[in-house]
2 protein chains.
Amino acid sequence: MFSALGDDELRRLAEAAVVRRVPAAKVIFSQGDPGATCHTLIEGRVKILQTNPDGSQAVLRFIGPGEAYGTVAALMGKPFPADAVAVVDSVEAVWPVQAFRELIRRSPELGLSAGATAGSRLLDLQQRMRELTGERVEQRIARALLRLAEDGRKSEQGVEVDFPITRQELAELTGTTLFTVSRTLSAWNEAGLTASRRRRIVVCDLHRLRSIAEGSGGD
Amino acid sequence: MFSALGDDELRRLAEAAVVRRVPAAKVIFSQGDPGATCHTLIEGRVKILQTNPDGSQAVLRFIGPGEAYGTVAALMGKPFPADAVAVVDSVEAVWPVQAFRELIRRSPELGLSAGATAGSRLLDLQQRMRELTGERVEQRIARALLRLAEDGRKSEQGVEVDFPITRQELAELTGTTLFTVSRTLSAWNEAGLTASRRRRIVVCDLHRLRSIAEGSGGD
DNA sequence: CGACTAATTGATTTGCTTCAAATATCGTGG
DNA sequence: CCACGATATTTGAAGCAAATCAATTAGTCG
């Protein structure tokens, strides 16, 4: 998001930021809070989730280093539409909205790139939307895993999701239940597609997983 | 989206636009087309839909007069992520992306408000996303109807969705099947909640429909 | 009036959730 | 270092909401 900026702007950005450590499981902001801050993750992992009236939760996305969050709501003067929770010990940069607005006023570049990230997230969400409604649970889990594996770390067995994630979270991400995810992963482990242990998932056969994500994995 | 602009900018916008009539069922742009144009609906109704690999379709949203579409993808230089199809005979304004970009360069206001609409659509989508995963089909249909009724037209019996919509389309909008929608509407007609005939839906009891949308309609 | 598109309604199946209960893994303090 | 509580995961069985399949009825339009 900041890649289009010049040295000068970057310096100003850095000066206005507050960097702080966030321990695992710490709530960074909550659904309904006034969106008064813009955040960018420096290190670790953060999950963005919504809580339904009935108490069930939906994970919207996981944030990795370099990604911004809370920015759209803040800039629009709206309350945060979701919770942000640190998954592991993390480090983030925080700006008060006013400071961020000020920076945008001085260098419209930043405003454009903020708009651009919002745009690409929008396209992304539309994509996932279609997946959620149209596809079978197994496909959705496969897709989610593939997406998570994208910025995972390679190991001998395959690509490992590089932060701890529970079946529960994977379920909330794909709109299903803990049980179904567990069953599915068990089956995939059996078939050598994945190797998952407690809070850890390794994708061993990207190719076959992809074919499950696309259509039926039967062929 | 254009409300923040001055007279001068509006004139320039108007000059750069091409206005054209679009007959019902006409495809305005298709999924995968290079996003070379920005569109705003002047009159009528347009639906935005995605087609799955397996051929099934998902309606993302309906566009009413005054709303822009195709703009995000176009500005970002990406291919259109969805089809746009006229539901009824319509009139739209079209700009080549370059013209639109040019206009933005001259008056950053436009860029900001484009960003803002993208932002609010993003927040909106997140909302719908949660609904789609967490809620029962009946609730989703209720919500969809309420949203459609929002810019509907009042009749003696209640609020009528002011464009023809099929059970099939409603199903594609809510991620369910034609059959389930038909059954649900039949039940609601029976109960006096709605009055629907072929391609026409009147919401008679907004209040009760809302209570179905929220939680169980049983209380 | 046909021909076509839309909508209804019933019967059946199934993928997924729900509920229940056992087992595994981790951290922690005695 | 081991035992214990807390957290995660697995697995089974039963139930159900919604999809699927099949066949009929109702509107619309040329």
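Please read these numbers as outputs of a predicted model, since none were measured by experiment. Order of the sequence lines sets the chain letters (A, B, ...), proteins ahead of strands, with each chain counted from 1.
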Starting from P on C/dT17, measure out to CG on A/D54 and report it in whole angstrom. 14 Å

Quick check for you: name the first and last nucleotides of DNA chain D, 5' to 3', having an atom under 4.0 Å from a heavy atom of chain B. D/dA18 to D/dT28

NA contact type, A/S186, heavy-atom cut-off 4.0 Å: base, sugar-phosphate, or nothing? sugar-phosphate

Keeping A/S30 on the side-chain end and A/D33 on the backbone end, is there a donor-acceptor pair under 3.5 Å? no

Is A/R199 touching bases, backbone alone, or none of the nucleic acid, heavy atoms closer than 4.0 Å? sugar-phosphate

Could you tell me whether the side chain of B/T37 and the main chain of B/P96 form a donor-acceptor pair under 3.5 Å? no

What is the separation between atom CZ on B/R200 and atom C1' on C/dA7, rounded to the nearest whole Å? 16 Å

Are B/S182 and C/dT9 close enough that a side-chain N or O sits under 4.0 Å from OP1 or OP2? no

I'd like to know if the side chain of A/Q126 and the backbone of A/L123 have a donor-acceptor N/O pair within less than 3.5 Å. no

Comparing A/R198 and A/T180 on DNA chain C - which has the more 5′ nearest nucleotide: A/T180

Given atom CD of A/E135 and atom P of C/dC16, what is their separation to the nearest angstrom? 12 Å

Assign each of A/R136 and A/I165 the nucleotide of DNA chain D bearing its closest heavy atom; nearer the 5' end lies the nucleotide of A/I165

Please work out if B/T166 contacts a base, only the sugar-phosphate, or nothing of the nucleic acid, heavy-atom cut-off 4.0 Å. sugar-phosphate

Do B/S155 and B/E160 meet the criterion of a side-chain donor-acceptor pair at a distance under 3.5 Å? no

Base, sugar-phosphate, or nothing for A/R167, non-hydrogen atoms under 4.0 angstrom? sugar-phosphate

Ignoring hydrogens and geometry, is there a side-chain-to-backbone donor-acceptor pair from B/R147 to B/A142 under 3.5 Å? no

A/I212 backbone acceptor or donor facing A/E138 side chain under 3.5 Å: no

Would a distance-only check, ignoring hydrogens and angles, find a side-chain to backbone donor-acceptor pair under 3.5 Å from B/D205 to B/H207? yes

The helix from C/dC1-D/dG30 to C/dG30-D/dC1: angle between its terminal axes, five pairs each, to 10°? 30°

In whole angstrom, what separates B/W188's CH2 from C/dT8's P? 13 Å

When you measure from the side chain of A/T184 to the backbone N and O of A/T180, does any donor-acceptor pair fall under 3.5 Å? yes

Write down the distance between CG (A/L185) and P (C/dA24), rounded to a whole number of angstrom. 18 Å

Has A/N52 got a side-chain atom pairing as donor or acceptor with A/Q57's backbone, closer than 3.5 angstrom? no

Taking only the side-chain nitrogens and oxygens of A/T177, find out if one of them lies under 4.0 Å from OP1 or OP2 of C/dC16. no

What nucleotide among C/dT8, C/dA20, C/dG10 has an atom nearest to a side-chain atom of B/R183? C/dG10

To the nearest angstrom, how far is A/F179 atom CZ from C/dC19 atom P? 9 Å

Does any N or O in the side chain of B/R45 come within less than 3.5 Å of the main-chain N or O of B/V88, such that one atom is a donor and the other an acceptor? no

